[in-house]
Amino acid sequence: MPGASSNVVRVRFAPSPTGFLHVGGARTAIFNWLFARRHQGVFVLRIEDTDVERSTRESEASLLDDLRWLRLDWDEGPDTGGAAGRYRQSERLDEYRSQAQKFMAAGFAYSCFCTDEQLQARKEAARAAGRPPQYDGTCRALTEDEVEGRRKEGLPEAIRFKVPDEVIRFEDLIRGDVALASNTVGDFVLLRSNGRPTYNFAAAVDDHAMEITHVLRGEEHLPNTLRQVLIYNALGASIPRFGHLPLILAEDRSKLSKRHGAASIGELRAQGFLPEAVVNYLVLLGWSHPQGKEVLSVDELGKDFALERVGKAAAIYDRKKLLWMNGQHIRRKSVDALFPVADPYFPDDIRSIYDENGRREILRLLQDTIENLGDLEAECAPFRSPVQIDSEAREELTAADARPVLAALAEELEKMGDELTEPLFKDMMKTVGRSTGIKGKQLFFPVRAAITGAVHGPELAGVAAIKGRDALLELIGRAQGIGESTS
RNA sequence: GUCCCCAUCGUCUAGUCUGGCCUAGGACACCAGCCUUUCACGCUGGCGACACGGGUUCAAAUCCCGUUGGGGACGCCA
């Protein structure tokens, strides 16, 4: 595919399949995806599984799964094929090996036979002496004979890049002019002694082979960018544009990592966050809409997103605002659009009591109150069977006014046909109020307590209509029993 | 330790490039009130920041320098 260059924007998201997708990675993926969208470009998904020990196919599968859930569709990737053919680095080993050989031949790289122990010892010594713990170039000076000798001894052989002494300058899409001195890094490994490439080598070789035009990634990669540019130079290739995104930090201001609670996308999904809310929230960590809009649809984001409005300062991940954002998106959806995604979050007992229409009605009632779909579990309490009566509700049922109110309501219910609607229930309550002379909270609390088991909850008439006459009569009967036994 | 990056309300941010319109705007959270039979939703209001010190300038949140603070990177991890 080299040679097929054109002006299309090509970006990539290149996770390593060593764990779950987490908000930091997701944010990087989102920015790349949005950038591709905005420029009618190509979004490439590449799997960086060069670490044999830690990479797993399960992680890869869950990564793709989370990406799909976020609706970040890729144009080229491990499952789609594409111009580059292979999008897993483990399937591209021949590329890295042959490139490493070319570097050796051209004098850009050399063999290294240092052992882990030696490396470790020198690193500690350097640290103790207050020097940066970089590779000291021991094997750089090896003669051809010495190299041959070590090979014959069967020593493990790695290939290191001969870092030239120079200053790399480039215009970062987000941070502006960046100058990085190559003497801040030692001769780094290109090919491990097990024949696998390291991250920096594989990433640079692939970004070049896949004709990536813009590399958007977290700021922690700035030192890697230096190494990768050096490789690009050795390749004789022109470098892509780089943009280093500000980091997402945990509440304690350290880099957000797996230890920091529910920061994995999978968990957010399990808890009932909507993908559009997660995307919306994460984009706002570092980017702001030109008109200051906050609640945005994915389409709006795709239309208005631009790197120019991405800031440089790290941002702290705030779950409270994510929750608020999620509530906003839940409320924006029509019940019909929300139902398919919300339905799996109904607890099993509710599912067995109410059919699809029943659950849809419950959702309609709860849509304005919940912050995430996981709240459905708790908010469904009034609809469970049997209804649990909490202590506050119990107190209401033993109040003096409870007995006449409940009796009158039961009487009204007995008189009606079987179709109980919200307006009908409201009328009944009016009638009960008139006949008993009780009004306001004294009128409503006992009824609420009897039919929902709590003094707080969704709109009473709505609950009543969903439950229906027979269930109501039964609940009232039970409540009357409680009122009498305790009074 | 060395190198690099960053710096506006507790948090996300607008404003900074192109100094004056900034007695610094919005959002989350928090507090109060309203709405409501309740909780929530919603609405209204309140609290709350230009890290500090020097310059430059008629004028600085905005430009420059320093200090402090925070973060990241220094792997045969990515």
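Order of the sequence lines sets the chain letters (A, B, ...), proteins ahead of strands, with each chain counted from 1.
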Using the side-chain heavy atoms of A:Gln134, tell me which of these nucleotides is nearest: B:C74, B:G26, B:G71. B:C74
From B:G71, B:C76, B:G15, nucleotide with atom closest to A:Glu219 side chain: B:G71
State the pairing partner of B:A24; accept Watson-Crick or G-U wobble contacts with both distances under 3.5 Å, and report none otherwise. none
Give the nucleotide from the list B:U11, B:A78, B:A73 with an atom nearest to the side chain of A:Asn200. B:A78
Using only side-chain N and O atoms of A:Ser288, determine if any of them is under 4.0 Å from OP1 or OP2 of B:A14. yes
State whether A:Glu300 and A:Lys303 are salt-bridged, where the test is any N-O pair (Lys NZ or Arg NE/NH1/NH2 against Asp/Glu carboxylate O) under 4.0 Å. no
For B:A73, the nucleotide meeting Watson-Crick or G-U wobble distances (both under 3.5 Å) is B:U2
Counting only Watson-Crick or G-U wobble pairs whose two distances fall under 3.5 Å, which nucleotide matches B:C52? B:G66
Identify the heavy atoms of A:Leu142 and A:Ser111 that sit nearest to each other, and give their distance. CD2-O, 4.4 Å
State whether A:Arg160 places a side-chain N or O below 4.0 Å from either non-bridging phosphate oxygen (OP1 or OP2) of B:C76. yes
Closest nucleotide among B:G15, B:C6, B:A78 to the A:Ser16 side chain: B:A78
Report yes if a side-chain nitrogen or oxygen of A:Lys255 is closer than 4.0 Å to either non-bridging phosphate oxygen (OP1 or OP2) of B:A73; otherwise report no. yes
Any side-chain N or O of A:Gln328 under 4.0 Å from OP1/OP2 of B:G42? yes
N/O (side chain, A:Arg175) to phosphate O (OP1/OP2, B:G72) under 4.0 Å: no
Identify, between A:Val310 and A:Phe444, the residue whose nearest nucleotide on RNA chain B lies closer to the 5' end. A:Val310
Watson-Crick or G-U counterpart of B:U44, or none if no pair lies under 3.5 Å: B:A32
Kindly state whether the ring of A:Phe13 and the ring of A:Trp33 have centres lying under 6.0 angstrom apart. no
At under 4.0 Å between heavy atoms, what does A:Leu284 touch on the DNA or RNA strands: base, sugar-phosphate, or nothing? sugar-phosphate
Counting side-chain heavy atoms from C-beta on, which of B:A27, B:C76, B:C39 comes nearest to A:Glu294? B:A27
Out of B:C76, B:U37, B:G1, which nucleotide sits closest to the side chain of A:Pro133? B:G1
Quick check for you: among B:C28, B:G75, B:A78, whose closest atom lies nearest to any side-chain atom of A:Lys123? B:G75
Would you mind classifying the nucleic acid contact of A:Leu119 as base, sugar-phosphate or nothing, using non-hydrogen atoms under 4.0 angstrom? base
Looking at A:Ser254, I'd like to know whether one of its side-chain N or O atoms comes within less than 4.0 Å of OP1 or OP2 on B:G71. no
Hey, does A:Glu53 have a side-chain heavy atom less than 4.5 Å from the side chain of A:Thr18? no
